[in-house]
Amino acid sequence: MSPAQSATSASVTVFASPGSWIESSAVAQCHQVATLNGMIHVAGMPDLHPGKGAPIGAAMASTVLYPFLVGSDIGCGIAVYPVRLKKAVPERVAARFPDLDQPVDPASRSGEDIPAGYTEQLGTVGRGNHFVELARVDAVLDGEHAARLGLTTGDLVLIVHSGSRGLGERILRAHTEVHGAGAAADPAAYLAAHDDAVRWGHLNRRLMAERVADAIGAQLGEPVTDVCHNSVEIRDGVYLHRKGAAPGDGHDVLIAGTRGTHSYLVAGHAGPDAGHSVAHGAGRKMSRADALRRGRAKHTVEELRRTAVGSLVVCGDRQLLFEEAPTAYKRIEQVIGDLVSYGLATPIVSTLPVVTYKTADLAPRRGGRR
DNA sequence: ATGTAC
């Protein structure tokens, strides 16, 4: 490329109002990415926060394919499955949740579309910000759209946030060991592996929805959305990388709040300036280390397990409970408000958690009562 | 977010 081009930096637009606090290092990461060879445009979402090398909550368009801009959890996304359940008492539902750290037995699922090659973690949720949540539609915000999706106030849904587990990590590592943060040497080969991980992620979320519905005695419907927020696609002839950003052009997307606040199902209508994308969640306000340190001083384990909205959090890992405390995240209403004010999305319904599953409870329940 | 090393 010419020296003139190498001196040019791609455009950076951050879709956050002045009142929305964005960590300066995350904006700096956007500008760092903008200097990469071939980069055209970087769009930061209102949930933008610093990641490892690349920002989280960004869509990045480039003539060059960079695997590290998708990250290791290729195919991570959020699905919403309507469920029917007679009674949703948090304690009873929480006690019946299956152990989602244990994989499904592929042999028990003959006839299904189980991919060959990587079955050892199928049906598992993973860690970090991943979860499976029984939630209730709290408010209908666009009646016509909600009716089209068959959703109304009081309806129960399963929200599944997970990805491709070790498979995506393996794909990124295979690239990184040779090329580091460089471009994909064989874009077609990377894309083929990437697409496998995206399919694996969708299947993983569906298997978890089925497992949980079975275990809690719920009837499972077809998903109203299942959109992946770590991916790359060829769009307008260039590579559009998304890391913590969901395709927001004509898709309905669940934007996750925290384990103790609302989440929002929105209709995305983002244009090219926004990288055809919308936010994927509330966005971290604190690093995991800060959340752990400050959370221990501020919260009890009990208040994190039984939230202010009356929901239960199933999580036998105390460190994870603090790292994922609602106070470690930005206010989801601020993120949704920014998307609305920039014309990127329209809220359809809000949900509130009933039971959020993070990882199996440690000690067996006492007294034997279920 | 992840598997692996400390």
Side-chain angles (χ1 to χ4, degrees), chain A residues 23 25-26 29 33 45 47-58 60 66-79 100-103 117-133 159-181 190 193-194 196-205 207-208 227-232 241-246 255-256 258-259 279-292 315-325 328-329 356-360:
Chain A
E23 203 168 326
S25 62
Q29 281 184 332
V33 166
M45 298 292 116
D47 59 341
L48 185 72
H49 58 284
K52 195 184 165 189
I56 300 168
M60 298 155 281
Y66 293 101
F68 89 102
L69 295 184
V70 176
S72 65
D73 198 4
I74 305 162
C76 187
I78 302 182
L100 296 175
D101 300 321
Q102 298 299 320
Y118 195 81
T119 56
E120 53 262 45
Q121 291 182 307
L122 260 180
T124 64
V125 64
R127 290 289 170 110
N129 59 359
H130 291 174
F131 64 86
V132 179
E133 180 171 284
I159 303 173
V160 185
H161 179 192
S162 187
S164 61
R165 310 289 283 104
L167 177 59
E169 195 273 339
R170 181 190 292 184
I171 293 165
L172 179 65
R173 185 154 37 85
H175 168 83
T176 308
E177 278 173 355
V178 184
H179 304 287
Y190 172 82
H194 162 282
D196 276 345
V198 168
R199 279 191 290 273
W200 201 100
H202 282 295
L203 176 62
N204 194 35
R205 292 187 286 277
L207 290 175
M208 276 187 279
V227 175
C228 153
H229 50 236
N230 292 343
S231 68
V232 59
H241 311 74
R242 291 186 175 96
K243 189 173 178 69
I255 303 183
T258 70
R259 299 335 98 227
H280 80 311
R284 293 199 75 85
K285 185 168 71 182
M286 293 175 209
S287 68
R288 293 188 174 275
D290 280 353
L292 187 59
C315 184
D317 180 337
R318 289 177 173 224
Q319 178 172 328
L320 185 59
L321 207 49
F322 285 110
E323 288 175 355
E324 290 290 310
Y329 284 85
T356 307
Y357 180 98
K358 295 289 294 176
T359 187

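None of the values given here were measured: they were computed from a predicted structure. Letters go in sequence order (proteins before strands), and every chain restarts at 1.
With respect to A/Glu324, the side-chain hydrogen bond (donor to acceptor under 3.5 Å, both in side chains) criterion is satisfied by exactly one of A/His130, A/Arg127, A/Gln319, A/Arg288: A/Arg288.
Using a cut-off of 4.0 Å between Lys/Arg side-chain N and Asp/Glu carboxylate O, A/Arg165 and A/Glu169 are scored as not salt-bridged. One finds no salt bridge joining A/Lys285 and A/Glu23 here, because no Lys/Arg side-chain nitrogen approaches an Asp/Glu carboxylate oxygen to under 4.0 Å.
In this structure, A/Phe68 and A/Tyr66 have perpendicular ring planes: the angle between them is above 60°, well past the 30° mark.
At whole-Å resolution of the value, CD1 in A/Ile74 and C1' in B/dT2 are 11 Å apart. A/His161 has its NE2 atom 14 Å from the C1' atom of B/dT2, to the nearest Å. Per the geometry, CZ belonging to A/Arg288 stands 11 Å off C1' belonging to B/dT2, to the nearest Å.
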Please write out each protein N/O paired with an N/O of nucleotides 3-6 of chain B under 3.5 Å, distance rounded to 0.1 Å.
from	atom 1	to	atom 2	distance (Å)
B/dG3	OP1	A/Gln121	OE1	3.3
B/dG3	OP1	A/Gln121	NE2	2.8

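With sequence neighbours left out, A/Glu120 forms a salt bridge (Lys or Arg N to Asp or Glu O under 4.0 Å) with A/Arg170.
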